[in-house]
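Down below is the structure, laid out as structure tokens.
Side chains are part of it too, since the values below use all heavy atoms of this structure and drop only hydrogens, waters and symmetry mates. Proteins come first, then strands; the chains are lettered A, B, ... in the order of their sequence lines, and each starts at number 1.
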Amino acid sequence: MIVTLQTLASTLATLRSSPRLAVDTETTGLRPYHGDMPFAIIVADWDHEYYFNLAESCAWRPAAAQLQEDLFSHEKTWYFANAKFDLAMLAKMGLVPRGTIHDLAVHERLLDSTLFGQVFSLDAMAERRGKKKDGGPKAWCEKNGAVTRVPVEGKQTTVKQYHFDRVPLGIIVPYAKLDARLTFDIGREQEAAFVLAELPDIPSLAPLVVNERQLTETVYAMEAVGVKVDLAFCRRAAVHEGQRYAEALRGFELIAGKPFVNSANCLAPLFAGQTLRLTPKGHPCFDAEALSTYTGPVAKLVTDIRGFKGASDYYHGFLYHADADGVIHAGFNQHQARTGRFSSSAPNLQNLTKSDEEELEDEFVVRRAFVPRPGYFFAMFDFHQMEYRLMLDYSGARGLIDKILGGLDIHQATADLAGITRSQAKTANFLTIYGGGDGVLAAKLGVTVGEAARIRAAIKAAAPENAAFIDECEAVARRRGFVYGWFGRRHYFPDQNDSYRAPNAVIQGGCADVIKLAMNRVARLLRGTMSRMVLTIHDELVIETHEGDSRLLAEIKGLMEEAYLHRHIPLTVGVDHSFKSLADKTEGYP
DNA sequence: GAACAACGCACC
DNA sequence: AAACGGTGCGTTGTTC
């Protein structure tokens with residue numbers, strides 16, 4: 001039904017007693033931090049959908065207070081298809097749901113570690129359950145010119161915008177009601193699936209579910225606060241990199257006699273006569289590594305061109321995504337990675353170029369674009385060698401652990417025990433965690449496969465417990481089709497050929513769940529203070545700390561370290577800080 | 001025109 | 001038989 005101001009009170013009275021409700025919003029666009037607004041809120045209970053038509057009258061603004069008081073303030077489980085988006089839109093109406101936030105995509109991930117790609121949309125989740133979504137509004141927009149293509153500075157492509165707010169009620173209402181219906185039904189199905197997944201004598205998923213649900217609120221707050229960029233710096237940097245890019249393009253054309261196109265078609269003729277490496281698909285390879293082995297004046301130029309373009313893309317992306325206050329509200333996606341890690345998007349803040357000391361001499365380095373707001377500084381916390389230490393704690397590799405507890409660096413300890421160089425040990429250690437074989441190790445070290453095998457054998461002899469952990473993990477995945485991670489996360493490997501990935505999933509996923517737990521605890525600690533979490537980068541948290549909150553920093557470090565209860569070797573956390581930017585950091589507390 | 005595959009490259 | 005784990009994004013070229 002369509003709720004009017006006249007029927008508002010009675011509708012709220014009906015909904016108030018429901019322990020679970022699905023909520024969906026219809027909005028003017030997809031960018032809550034760039035002025036888009038909700039024009040409808042749809043609530044579904046067990047058997048009805050209620051369309052609150054905010055567009056109907058400007059009287060809805062005051063009525064929102066009643067919506068908060070008589071609906072959202074009541075503690076419930078709230079199902080959302082895309083919680084952080086809807087929470088941001090609701091917040092624009094002053095609406096804040098109380099109770100438990102159940103994001104469909106987050107729960108879908110917990111139920112199935114194999115899901116990959118664009119399978120977390122409501123459409124896709126519905127389709128997997130034999131339900132169908134309604135394409136009416138999109139089709140209407142296409143037919144009636146309610147689609148805008150927005151060109152983006154520094155980009156070849158355009159962004160498509162659907163104006164759902166122009167769609168007639170007769171089309172949008174049934175569509176919106178169906179979405180809310182699907183959200184409720186899928187939410188219920190997921191909860192039922194978790195009940196079924198609880199069996200005696202196996203690790204419970206419950207702690208994981210509790211943590212991820214809380215985390216949705218933690219991450220929503222983090223995204224809403226966002227992180228500030230220096231817009232003027234970004235504009236200058238975009239121009240600077242753009243100029244270097246254009247100059248390098250001219251240089252290429254001068255030498256090659258044709259314009260640069262970043263494709264094998266364009267590049268291959270320029271390296272005629274040389275033996276070219278091949279990509280996995282058998283095409284000639286022109287990545288930086290391959291180019292460095294080719295001869296000719298354009299090889300270096302191609303790498304330069306790509307470097308300048310890459311840098312320029314970062315700054316253009318920041319300018320595109322920053323809101324009117326120069327704040328970027330990037331997405332931190334709880335559900336996207338199969339191991340349980342976060343991913344980041346729009347823009348991705350987990351792959352910002354890192355600059356070494358020499359590069360930091362330059363004016364324009366990517367991380368310098370990110371600055372603390374007035375009265376704040378950045379405190380950066382990162383787990384030391386998180387994945388490797390977690391593996392050591394799982395395996396209990398005594399010899400290595402003793403050396404490391406004695407203060408030795410992990411790779412040096414490996415090198416000492418195995419009689420190899422630190423550099424070799426470091427490469428081998430990474431590959432161990434990634435499941436790399438002797439062939440890859442040989443390629444990385446520039447030695448023969450036989451020599452690589454010898455190095456591996458030496459490491460295995462020095463720390464047989466690590467090898468045993470990996471073999472066991474892989475064997476279990478092969479036999480049973482899945483393995484349990486720390487905190488009860490289940491990693492499925494239906495294809496036996498993928499079993500070699502199981503140890504990595506357990507380690508990477510374990511680290512993810514440690515930092516996810518720490519994030520909720522840090523968020524709780526910071527509640528009521530002026531400070532806030534702004535970034536999470538796999539083994540690192542960045543806190544935008546108010547100058548008056550410095551005393552909290554040691555406590556945050558402690559929370560992170562204690563999030564994982566170790567058996568053999570604890571996780572330790574390093575601290576950096578900066579009053580300037582993400583680039584210019586100083587070790588330790590301020 | 002849009003969707004898709006492939007590549008290249010940034011991070012942990 | 002043999003295996004380098006997990007991401008997001010921009011571009012190019014092909015295909016429907």
Side-chain angles (χ1 to χ4, degrees), chain A residues 113 116-118 142 147 149 152 154-160 260-267 277-291 302-303 305-314 316-317 320-321 330-333 335-355 366-367 382-383 385-388 391 427-444 449 470 473-474 478 491 493 495-512 515 535-541 582:
Chain A
S113 72
F116 177 64
Q118 307 305 308
E142 302 275 10
V147 184
R149 329 206 70 166
V152 181
K155 236 199 213 185
Q156 304 284 48
T157 54
T158 54
V159 174
K160 227 173 157 182
F260 174 77
V261 179
N262 196 3
S263 70
N265 278 354
C266 172
L267 296 178
R277 288 193 194 174
L278 297 180
T279 66
K281 298 280 172 193
H283 302 113
C285 176
F286 295 100
D287 64 18
E289 169 61 21
L291 280 167
V302 170
T303 314
I305 289 172
R306 288 183 184 150
F308 300 143
K309 177 68 164 77
S312 152
D313 283 348
Y314 273 111
H316 280 119
Y320 175 74
H321 288 290
F332 288 92
N333 315 306
H335 62 276
Q336 189 59 37
R338 285 167 287 189
T339 53
R341 264 192 182 178
F342 278 101
S343 79
S344 170
S345 57
N348 182 356
L349 296 187
Q350 293 184 323
N351 73 343
L352 303 176
T353 311
K354 275 198 145 179
S355 310
V366 171
R367 290 171 114 98
D382 71 304
F383 286 101
Q385 281 114 1
M386 191 179 197
E387 295 196 332
Y388 204 82
M391 181 176 75
T427 304
N429 283 342
F430 273 111
L431 285 179
T432 301
I433 287 175
Y434 294 162
D438 292 343
V440 188
L441 181 58
K444 287 263 191 244
V449 177
I470 290 189
C473 193
E474 187 173 338
R478 191 178 300 278
H491 304 277
F493 298 92
D495 181 345
Q496 292 202 335
N497 293 323
D498 291 334
S499 305
Y500 76 95
R501 297 178 171 189
N504 178 262
V506 167
I507 296 164
Q508 192 184 114
C511 291
I515 203 162
L535 294 176
T536 175
I537 313 174
H538 309 308
D539 61 354
E540 179 184 356
L541 294 179
L582 280 187

I need the [atom1]-[atom2] distance between [X] and [N], as an integer number of Å.
X        : N      : atom1 : atom2 : value
A:Asp539 : C:dT7  : CG    : C1'   : 14 Å
A:Asp495 : C:dA2  : CG    : P     : 17 Å
A:Met391 : C:dG5  : CE    : P     : 16 Å
A:Leu535 : B:dC11 : CG    : C1'   : 13 Å
A:Asn333 : B:dC11 : CG    : C1'   : 15 Å

Within the 4.0 Å heavy-atom criterion, would you say [X] contacts the bases, only the backbone, or no part of the nucleic acid?
X        : answer
A:Gln508 : base
A:Asp498 : nothing
A:Ala346 : sugar-phosphate
A:Tyr314 : sugar-phosphate
A:Ile537 : sugar-phosphate
A:Ile507 : nothing
A:Phe430 : nothing
A:Gly435 : sugar-phosphate
A:Glu387 : nothing
A:Ala512 : nothing
A:Cys285 : sugar-phosphate

Under-4.0 Å side-chain N/O to phosphate OP1/OP2 contact, [X] with [N]:
X        : N      : result
A:Ser344 : C:dG8  : no
A:Lys444 : C:dC4  : no
A:Lys354 : B:dC11 : no
A:Lys160 : B:dA2  : yes

Near-parallel close stack of A:Tyr500 and C:dA3 base (under 5.5 Å, under 30°):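 Given the distance and angle limits, no, they do not stack.
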Each stem that DNA chain B is part of, given as range with range (3 or more consecutive Watson-Crick or G-U pairs, under 3.5 Å):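 Counting only runs of 3 or more consecutive pairs, the stems involving DNA chain B are B:1-12 with C:5-16.
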DNA chain C: 5'-proximal contact among A:Asn497 and A:Asn504 (nearest heavy atom): A:Asn497
hbond_proxy A:Arg341 side chain to C:dG6 base (donor-acceptor, 3.5 Å cutoff):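 Checked by distance alone, the answer is yes.
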